[in-house]
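Values below: all heavy atoms of this structure, side chains included; hydrogens, waters and symmetry mates excluded. Counting from 1, the numbers follow the sequence of the chain as shown.
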Amino acid sequence: YYIYGEYQGIQDEKLAQEILDSIVAGSPQDTTMAPTINDTVVVYLDNNEANETDEDIDAIIALAKNLQTYMREHGSKGTLSLSVNPFIPKPFTPFQWLPMADKKSVEQKLKHLQKSLQSEKKIQVLIESPKEAYVQGILARGDRRLGEVLLSAMEAGGAKAFMRALKSADLKDEFYLYRLREKEEIFPWSHLDMKVTPEYLWYELEKAKERMHTLRCFDGCRRCGVCQ
């Protein structure tokens, strides 16, 4: 969670600890706000993880209301903006083995988020298009077969033609989006060496499942393989 705005060192214990513990970003309760007087506060949320619950969405709603109240009580007349993006598993991260959350489920959660905050005049909810996010999800962990798909989509008019081009190539979006990868699976990017070992990424994935967070790097740290 990335928060930019007027105040520094804000913490909110009502935000679901489980989401924060899954995303390694230092101390899981810390939210940093850059100082700009009486300006808009922007909260960037990568939510809709596959194991996210309705209680987690309610916690985001509560966080937004608590932050807006905090702003008002400290004299800010600015707007609180929530920039919400569906969670996309990426290569070379512990989540590269995981499926994306079901698109319909994500859309329902986003609708609930918007509806719950629409009466708050000083809270603005900005949501990335789920349709575009799921195209990103395919491309993020795609293989060489998508080269033909991209070319066909470009010739057919661009991004809006991508899913049609995927279907024409006899490829299924669920293969890229909703499949739980095995630990031993060889990925299209496995031949690239980012210095972070697969064993370390898998270890971090297992820790995330147990809601354990990892300390930041420190002098002499040799955990991931980058500094070997």
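Within the 4.5 Å cutoff, side-chain heavy atoms of Leu180 are placed close to those of Leu98. The shortest distance between side-chain heavy atoms of Gln96 and Leu205 does not fall below 4.5 Å. The shortest distance between side-chain heavy atoms of Thr197 and Trp202 does not fall below 4.5 Å. You'll find the side chain of Asn66 stays beyond 4.5 Å of the side chain of Gln68, heavy atoms only. Side-chain atoms of Phe87 and Val106, non-hydrogen and from C-beta on, never get closer than 4.5 Å to each other. Using a 4.5 Å heavy-atom threshold, the side chains of Arg223 and Thr214 count as touching. The side-chain heavy atoms of Leu63 and Leu82, taken from C-beta on, include no pair separated by under 4.5 Å. At a threshold of 4.5 Å between non-hydrogen side-chain atoms, the residues Leu117 and Lys65 count as touching.
Contact between Ile88 and Ala133 at its shortest, heavy atoms only, is CD1-O, 3.5 Å. Of all heavy-atom pairs spanning Ala156 and Arg164, the tightest one is O-NH2, 4.2 Å. Scanning all heavy atoms of the two residues, the minimum distance from Ser190 to Phe187 falls at OG-N, 2.7 Å. Smallest separation of non-hydrogen atoms from Gly78 and Lys122: O-CD, 3.8 Å. Nearest heavy-atom pair, Leu171 versus Val149, reported as atom, atom and distance to 0.1 Å: CD1-CG2, 3.9 Å. The two residues Phe95 and Arg141 make their nearest non-hydrogen contact at O-NH1, 3.9 Å.
Distance check, rounded to the nearest 0.5 Å: CG of Asp54 to OG of Ser105 gives 7.5 Å. Separating the NZ atom in Lys183 from the CD atom in Glu199 is a distance of 7.5 Å, to the nearest 0.5 Å. Atoms CH2 and CD, from Trp97 and Glu185 in turn, are 10.0 Å apart once rounded to the nearest 0.5 Å. Rounding to the nearest 0.5 Å places CD of Gln136 at 9.0 Å from OG of Ser129. Here the straight-line distance linking atom CG of Asp58 with atom NZ of Lys109 works out to 11.0 Å at 0.5 Å rounding. Rounding to the nearest 0.5 angstrom, the gap separating the CZ atom in Arg72 from the CG atom in Leu80 is 11.5 Å.
Judged by distance alone, with hydrogens and angles left aside, the side-chain atoms of Thr79 form no donor-acceptor pair with the main-chain N or O of Ser81 at under 3.5 Å.
Other residues, nucleotides and ligands contribute at most 12 non-hydrogen atoms within 6.0 Å of the CZ atom of Arg144. Shown here is Leu192, whose CG atom has more than 12 heavy atoms of other residues, nucleotides or ligands within 6.0 Å. Other residues, nucleotides and ligands contribute over 12 non-hydrogen atoms within 6.0 Å of the CD atom of Glu155. Around atom CD of Glu148, no more than 12 heavy atoms belonging to other residues, nucleotides or ligands sit under 6.0 Å away.
Under the 4.5 Å side-chain heavy-atom criterion for ILVMFWY residues, no single connected hydrophobic cluster contains both Met154 and Phe162. No chain of hydrophobic side-chain contacts below 4.5 Å, direct or via other Ile, Leu, Val, Met, Phe, Trp or Tyr residues, connects Ile123 to Leu126.
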Legend entry - Ile138/Leu177 under side chain to side chain contact (heavy atoms under 4.5 Å, CB included): CA gap, chis, key distance, verdict: CA-CA 6 Å; Ile138 294 172; Leu177 294 173; 3.7 Å; yes

Inset, instruction - Kindly indicate, with the supporting measurements, whether the criterion side chain to side chain contact (heavy atoms under 4.5 Å, CB included) is fulfilled by Leu166 and Leu146. - result: CA-CA 8 Å; Leu166 188 74; Leu146 292 185; 3.7 Å; yes

Inset, instruction - Might you work through the side chain to side chain contact (heavy atoms under 4.5 Å, CB included) test for Lys115 and Gln118, ending with a clear yes or no? - result: CA-CA 5 Å; Lys115 185 175 181 180; Gln118 65 182 6; 4.1 Å; yes

Legend entry - Residue pair Tyr176, Leu139: steps toward the side chain to side chain contact (heavy atoms under 4.5 Å, CB included) verdict: CA-CA 8 Å; Tyr176 299 101; Leu139 294 174; over 6 Å; no

Legend entry - Step-by-step salt bridge (charged side-chain N to carboxylate O under 4.0 Å, His left out) determination, Lys209 to Glu206: CA-CA 5 Å; Lys209 291 177 181 178; Glu206 293 299 304; 3.3 Å; yes

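In this structure, Arg145 forms a cation-pi arrangement with Phe175, its terminal cationic atom sitting closer than 6.0 Å to the ring centre and no more than 45° off the ring axis.
Salt bridge present: Glu107 and Lys103 bring a charged side-chain N and a carboxylate O closer than 4.0 Å.
Between Tyr203 and Tyr200, the ring planes are tilted. Angles from 30° to 60° get that label. Below 30°, between 30° and 60°, or above 60°: for Tyr178 and Tyr134 the angle between ring planes is between 30° and 60°, a tilted geometry.
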